[in-house]
Amino acid sequence: MKFTQLLRSAAVVAVMALSAAAAQAEDTIKVGLIAAFSGPFADYGKMMEAGIKTYMKEHGDKVGGKRVELIIRDTTGPSPEIAKRLAQELVTRDKVDFLAGFGLTPEALAVAPVAEQSKTPMIVMNAATSVVTAKSSYIARVSMTLPQVSYPMADWALKNNIKKVVTIVADYGPGIDAEGAFKNTFVKGGGQVLESIRSPLRNPEFAPFVQRIKDAKPEAVFVFVPAGEQGIAFMKSYRERGLAEAGIKVIATGDLTDDHVLAAMGDATLGVITSFHYSAAHDSPENKAFIKRFAEVNPAAGRPNFMAVAAYDGIGAIYEVAKKLNGKIEGDKAMAILKGMKINSPRGPIMIDPDTRDVVQTVYIRKVEKVNGEPYNVEFDKFANVKDPK
Ligand code: PHB
């Protein structure tokens, strides 16, 4: 072969390789899932991944004529800097069509400017500080907000003759939101907050705080801690320091009695009242089907929690967008479809508010009870169509 021929055929091969790569890129819808998969919040990413896999198993991995590709990135968090770097890489190098995940508020806030600049739709599957959705017009939230689930708890407490409380919340965005929303409704309704305690986000030591709660002699303690191990630690101190015997009830957002760790908390949680958007015990055909499919697809994952459900709904929203856009994802068009979208979630019907891009949903009041020998958050009252009270 002559040199020029050789060059030409090499060029042909190169062009072929390039167009194959381009064709492959065009044939996929890429979803970058950013969350903690290691460290103290590792369950957040794992629950989200398991929820997404459940949906993809049910609906197949093709939509709008394309294959959906999930690209998973571990923040090891809470690590806003790592989350931001991962998002930048996903957008510029992997050219993802969607950013998704975000268990922790600081990580969602750090990524918001990346979504905004690149016009990449960002589906928040947990991070629940009210302000998150205001940080970019490319964010839609399918999970909850702390004010949304906290003020119904205050309402319920007042109606049930609880008039004096101490609040304790994790000292960062969602905790401060929970404290504010609870207090606002509670005090307006004639209740009294004797003391407001904030515990550190990293490695809190609850015993001294729990003693302070006991000494203040409230009728109840209102609690927000991020889902998982902190709930176990708080309830352990509550029991050990004899608050139940002192007649101090626990009222909380459902993060405290997270379905995924509830069984590990043992009998310490029995009788705890919480307000939340999802319970694994939610009695509906959609939830029963979800629970069954989740266990089939993720046999080692344990009981699904609210993050698994938000991720299941979030990928459902992505499929809906992809279907409507025939697989050609553009940020502005995607957001127009997400605004006002209704989803028949395992938690009950939800909607993405067209003005705020935040989730509108039913907030349930639940009590921890044993069902067939296992503790569950059993729903017994509800507030319909609750918005984040922005
Ligand atoms: C948050 O960081 O926004 C967050 C984390 C865990 C929760 C709720 C909110 O359970």
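Counting starts at 1 for both ligands and their atoms, following the listed order.
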task: With R366 as the cation and Y376 as the aromatic partner, state whether NZ or CZ is under 6.0 Å from the six-membered ring centre and within 45° of the axis.
output: no
- line: among protein heavy atoms, the one nearest atom 10 (O) of ligand 1 is D255 OD2, 2.5 Å
Proximal ligand 1 atoms for A227, defined as those under 4.0 Å from one of its heavy atoms: 6 (C), 7 (C), 10 (O)
query: Does P174 approach ligand 1 within less than 4.0 angstrom via side chain, backbone, both or neither, non-hydrogen atoms only?
result: side chain
query: Looking only at distance, does L146 have an N or O less than 3.5 Å from an N or O of ligand 1?
result: no
task: Report yes if some N/O of A128 lies less than 3.5 Å from some N/O of ligand 1; otherwise report no.
output: yes
query: Is a side-chain donor-acceptor pair under 3.5 Å present for D74 with T76?
result: no
- prompt: If we ignore angles and hydrogens, is there a donor and acceptor under 3.5 Å between the side chains of Y138 and D332?
  reply: yes
field: Atoms of ligand 1, numbered as shown, that sit under 4.0 Å from any heavy atom of F306
entry: 10 (O)
query: Can R73 and D94 be counted as an ion pair, charged N to O under 4.0 angstrom?
result: yes
message: Can you name the atoms of ligand 1, numbered from 1 with element, that are less than 4.0 Å from a heavy atom of A127?
response: 3 (O)
query: Among all protein non-hydrogen atoms, which one is nearest to atom 5 (C) of ligand 1, and what is the separation to 0.1 Å?
result: Y172 OH, 3.3 Å
field: Flag, side chain of H59 to backbone of Y55, donor-acceptor distance under 3.5 Å
entry: yes
- request: Answer yes or no: is there an ion pair linking K288 with D283, defined by an N-O contact shorter than 4.0 Å?
  value: yes
field: Electrostatic pair R293-E296, nearest N-O below 4.0 angstrom
entry: yes
field: Residue portion contacting ligand 1 (non-hydrogen atoms closer than 4.0 Å) for N126
entry: side chain
statement: the protein heavy atom lying closest to atom 3 (O) of ligand 1 turns out to be T105 OG1, 2.5 Å
- request: Please work out whether any backbone atom (N, CA, C, O) or any side-chain heavy atom from C-beta onward of F276 is under 4.0 Å from ligand 1, and answer side chain, backbone, both or neither.
  value: neither
- request: Over 60° means perpendicular and under 30° means parallel, so classify the ring planes of F380 and W156, tilted if in between.
  value: perpendicular
field: Considering all heavy atoms, the nearest I315-M125 contact
entry: N-CE, 3.9 Å
- request: Please could you name the atoms of ligand 1 that P226 approaches to less than 4.0 Å, counting only its heavy atoms?
  value: 6 (C), 7 (C), 10 (O)
message: Any heavy atom of Y44 closer to ligand 1 than 4.0 angstrom?
response: yes
